[in-house]
Student: 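Handing you this structure, nothing more for now.
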Amino acid sequence: MQYNFEEIISREGTKSVKYDLRQKLFGATDIIPLWVADMDFRSPLEIEQAICKRAKHPIYGYTLQNDQFFGAAKRWLKKRHQWEVSTKSMVFSPGVVPALYMIIHSFSQPGDKIIVQTPVYHPFYDVIKGNGREILTNPMQLQNGKYEIDFKDLELKIDKKTKILLFCNPHNPGGRMWDKEELERLGNICLKNNILIISDEIHMDLSLFGKPHIPIASISEELAQKSFTCFSPGKTFNIAGLNSAIVSIPNPDLRKKFFRAMEASHLFIGNTFGTEALIAAYKHGKEWLDQLLPYLKENAEFVCNYFEKHIPEIKAMKPEATFLIWLDCRGLQMDDDQLSEFMIKQAKVGLHRGIQFGEEGRQFMRLNIGCPRPILQQALQQITKAVKEIEI
Ligand SMILES: Cc1ncc(COP(=O)(O)O)c(C=O)c1O
């Protein structure tokens with residue numbers, strides 16, 4: 001089947017966070033929303049069919065995540081990423097972020113330090129602070145338009161209170177896919193200092209230029225035993241609203257403790273439709289994804305080339321993975337409030353404020369390219385016009 005990613009599908013009135021919150025967030029509804037990380041593409045047909053089939057059965061009671069569920073994930077990881085994960089190691093979670101919160105809750109104490117490489121996906125801060133833990137920032141270095149981990153800074157900052165690394169692989173918002181050497185070096189630092197690794201790999205399937213994704217837990221058995229790998233089909237297949245994620249925890253003691261926390265908080269019971277959707281996505285989604293990735297790659301190239309040519313005041317960081325582009329807007333010489341106001345009021349485009357991703361995101365913004373190209377074209381033209389107006 002040939003998918004048409006140029007199809008414009010109205011999401012208005014579907015209770016979509018991206019569209020139906022525009023009045024509240026931006027004070028207007030005529031804003032092109034390119035912020036929250038879901039896409040404007042139709043999901044694979046097989047997912048829609050699986051949900052419709054299940055919806056026809058009129059009882060929507062508690063639903064089991066059985067061997068079919070974890071088996072579909074296992075086969076996906078093996079085929080797509082050549083990563084062998086046993087179904088036994090997998091635990092269900094109603095989302096990646098709830099899992100991040102519960103792991104921190106279960107495996108650290110108030111006052112302990114959790115490492116994050118900043119700028120980073122903003123809920124990372126919330127799950128640490130929400131648990132009363134301390135954030136240990138390891139700011140990344142921006143080198144040749146690409147983020148690099150500052151290992152020296154990390155080693156200097158680690159102390160006895162440092163218990164967990166909350167890692168983003170691939171990285172949001174930088175779009176970096178970490179290399180084997182980087183993962184080994186980071187992993188060794190964690191092993192040496194007895195630090196557990198929570199690896200958020202939700203963007204693992206979204207490599208745009210063919211670079212293979214390397215799960216940090218696949219580096220060595222020693223690292224696997226210290227790690228929690230969180231993933232889901234939510235970003236990949238545009239089903240974030242269906243809340244089905246998995247955490248792979250090879251170490252049986254860590255797994256038992258995590259499962260007990262999920263059980264105690266009743267987070268271990270999955271959503272009826274999310275369960276069907278995950279199975280269908282991992283069983284049948286390959287063809288759709290193989291068509292999506294070249295489209296996203298061309299969107300990324302289109303956006304980066306456009307900024308370079310028409311709006312050189314804004315530097316777009318070309319992502320290796322994800323449908324998100326990190327924009328360095330320092331050339332516009334506006335503070336964060338002015339920048340937001342400018343994008344909303346002058347350009348009529350709703351971007352994500354960079355400062356939410358940490359101090360290093362000051363004067364940056366994040367742009368979502370998971371939409372038909374004509375929408376991006378329109379948004380970029382509006383930004384160009386707005387920039388020209390301030391320069392007159
Ligand atoms: C790195 C990362 N982790 C987690 C999530 C959200 O995961 P979930 O909706 O499964 O909680 C996102 C969404 O943007 C993300 O970018």
Side-chain angles (χ1 to χ4, degrees), residues 15-18 21 33-40 43 65 69 73 90-105 114-128 130 140 147 165-178 197-208 213 215-216 228-248 262 265 267-268 270-271 273-275 277-278 281-282 296 317 319-326 350-354 356-358 361 365-371:
K15 302 179 184 64
S16 139
V17 167
K18 201 190 228 169
L21 271 185
L34 302 171
W35 62 291
V36 70
D38 64 23
M39 301 188 280
D40 293 338
S43 287
Q65 287 73 55
F69 181 87
M90 297 183 193
V91 181
F92 167 81
S93 170
V96 164
V97 176
L100 306 179
Y101 184 92
M102 285 310 263
I103 300 166
I104 291 172
H105 182 77
I114 319 280
I115 306 158
V116 284
Q117 271 100 16
T118 54
V120 78
Y121 176 55
H122 49 99
F124 275 29
Y125 298 99
D126 301 333
V127 295
I128 299 173
M140 293 186 295
Y147 278 122
L165 163 71
L166 181 50
F167 187 50
C168 199
N169 177 30
H171 194 267
N172 170 9
R176 266 302 309 275
M177 297 183 72
W178 304 110
I197 301 171
I198 308 174
S199 191
D200 178 340
E201 307 200 4
I202 197 167
H203 295 281
M204 59 158 69
D205 302 314
L206 295 169
S207 166
L208 303 182
H213 168 72
I216 193 162
F228 301 80
T229 308
C230 309
F231 63 96
S232 98
K235 303 282 152 198
T236 312
F237 298 103
N238 206 22
I239 51 173
L242 291 168
N243 300 83
S244 269
I246 292 176
V247 189
S248 164
M262 296 300 275
S265 50
L267 286 171
F268 73 117
N271 172 289
F273 297 109
T275 303
L278 181 143
Y282 284 148
L296 284 181
M317 191 181 284
E320 292 174 297
T322 80
F323 49 83
L324 307 164
I325 296 196
W326 192 229
L351 305 180
H352 219 122
R353 283 164 73 98
Q356 277 192 275
F357 295 74
M365 298 207 96
R366 196 191 69 179
L367 169 87
N368 181 339
I369 58 162
C371 63

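Counting starts at 1 for both ligands and their atoms, in listed order.
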Student: Mind telling me whether Trp178 and His171 have parallel, tilted or perpendicular rings, with 30° and 60° as the class edges?
Tutor: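 Plane angle over 60°, so perpendicular.
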Student: To the nearest 0.5 Å, tell me how far Lys18 NZ sits from Cys371 SG.
Tutor: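 Going from the NZ atom of Lys18 to the SG atom of Cys371 covers 6.5 Å.
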Student: With respect to Ala245, determine whether any N or O atom, backbone or side chain, lies less than 3.5 Å from an N or O atom of ligand 1.
Tutor: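 No: no nitrogen or oxygen of Ala245 is under 3.5 Å from one in ligand 1.
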Student: Calculate, to the nearest 0.5 Å, the distance between atoms CD1 and CD1 belonging to Ile216 and Ile197 respectively.
Tutor: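 One finds 4.0 Å between CD1 of Ile216 and CD1 of Ile197.
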Student: So, regarding Ser232 and ligand 1 (criterion: nitrogen or oxygen to nitrogen or oxygen, under 3.5 Å), is there a contact or not?
Tutor: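 No - when backbone and side-chain N and O of Ser232 are compared with those of ligand 1, no distance drops under 3.5 Å.
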Student: Rounded to the nearest 0.5 Å, what separation is found between the CG atom of Asn238 and the CE atom of Met39?
Tutor: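 Here the rounded value is 4.5 Å.
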Student: What residue and heavy atom of the protein are closest to atom 1 (C) of ligand 1, and at what distance?
Tutor: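 For this ligand atom, the closest protein heavy atom is Asp200 OD2, 3.3 Å.
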Student: Protein heavy atoms: any of them under 4.0 Å from atom 9 (O) of ligand 1?
Tutor: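 Within 4.0 Å of atom 9 (O) of ligand 1, no protein heavy atoms are found.
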Student: So does Gly354 get a backbone contact from the side chain of Arg366, meaning a donor-acceptor N/O pair under 3.5 Å?
Tutor: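 Looks like no, no N/O pair under 3.5 Å.
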Student: Please determine, by modelled atom types, if Glu201 and His213 share a side-chain donor-acceptor pair under 3.5 angstrom.
Tutor: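 Their side chains do contain a donor-acceptor pair, which is all the 3.5 Å distance test asks for.
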Student: Report yes or no: does Cys168 have a heavy atom closer than 4.0 Å to ligand 1?
Tutor: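 Contact present.
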Student: Looking only at protein heavy atoms, which one is nearest to atom 11 (O) of ligand 1, and how far off is it?
Tutor: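 The answer is Val97 N, 2.9 Å.
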Student: Please state whether the rings of Tyr101 and His105 are parallel, tilted or perpendicular, taking 30° and 60° as the class boundaries.
Tutor: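 Because their plane-to-plane angle is under 30°, the rings of Tyr101 and His105 count as parallel.
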Student: Could you tell me which atoms of ligand 1, counted from 1 in the order shown, lie closer than 4.0 angstrom to a heavy atom of Asn172?
Tutor: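 Under 4.0 Å from Asn172, ligand 1 has these atoms: 15 (C), 16 (O).
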Student: What class does the angle between the rings of Phe357 and His352 fall in, given that below 30° is parallel, 30 to 60° is tilted and above 60° is perpendicular?
Tutor: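 Ring orientation of Phe357 relative to His352: perpendicular.
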Student: Hey, does Gly95 come in under 3.5 Å of ligand 1, counting only N/O atoms on both sides?
Tutor: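 No; the residue has no nitrogen or oxygen that sits under 3.5 Å from a nitrogen or oxygen of the ligand.
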Student: Short list, please: which atoms of ligand 1 are under 4.0 Å from a heavy atom of Lys235?
Tutor: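 In order of numbering, the contacting atoms are 12 (C), 13 (C), 14 (O).
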Student: How far does CE of Met177 sit from OG1 of Thr322, to the nearest 0.5 angstrom?
Tutor: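 With rounding to 0.5 Å, CE (Met177) is 10.0 Å from OG1 (Thr322).
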Student: Taking only heavy atoms of Ala37 into account, list the atoms of ligand 1 that are under 4.0 Å away from them.
Tutor: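 Counting atoms of ligand 1 from 1, those under 4.0 Å from Ala37 are 14 (O).
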Student: Would you tell me which option among Tyr121, Phe167, Phe124 has the nearest heavy-atom contact to atom 6 (C) of ligand 1?
Tutor: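 Selected option, by shortest heavy-atom distance: Tyr121.
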Student: For atom 7 (O) of ligand 1, what's the nearest protein heavy atom and its distance?
Tutor: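 I find the closest protein heavy atom is Ile202 CD1, 3.3 Å.
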Student: Using a strict cut-off of 4.0 Å, indicate which atoms of ligand 1 neighbour a heavy atom of His203.
Tutor: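 Selected atoms, number and element: 1 (C), 15 (C), 16 (O).
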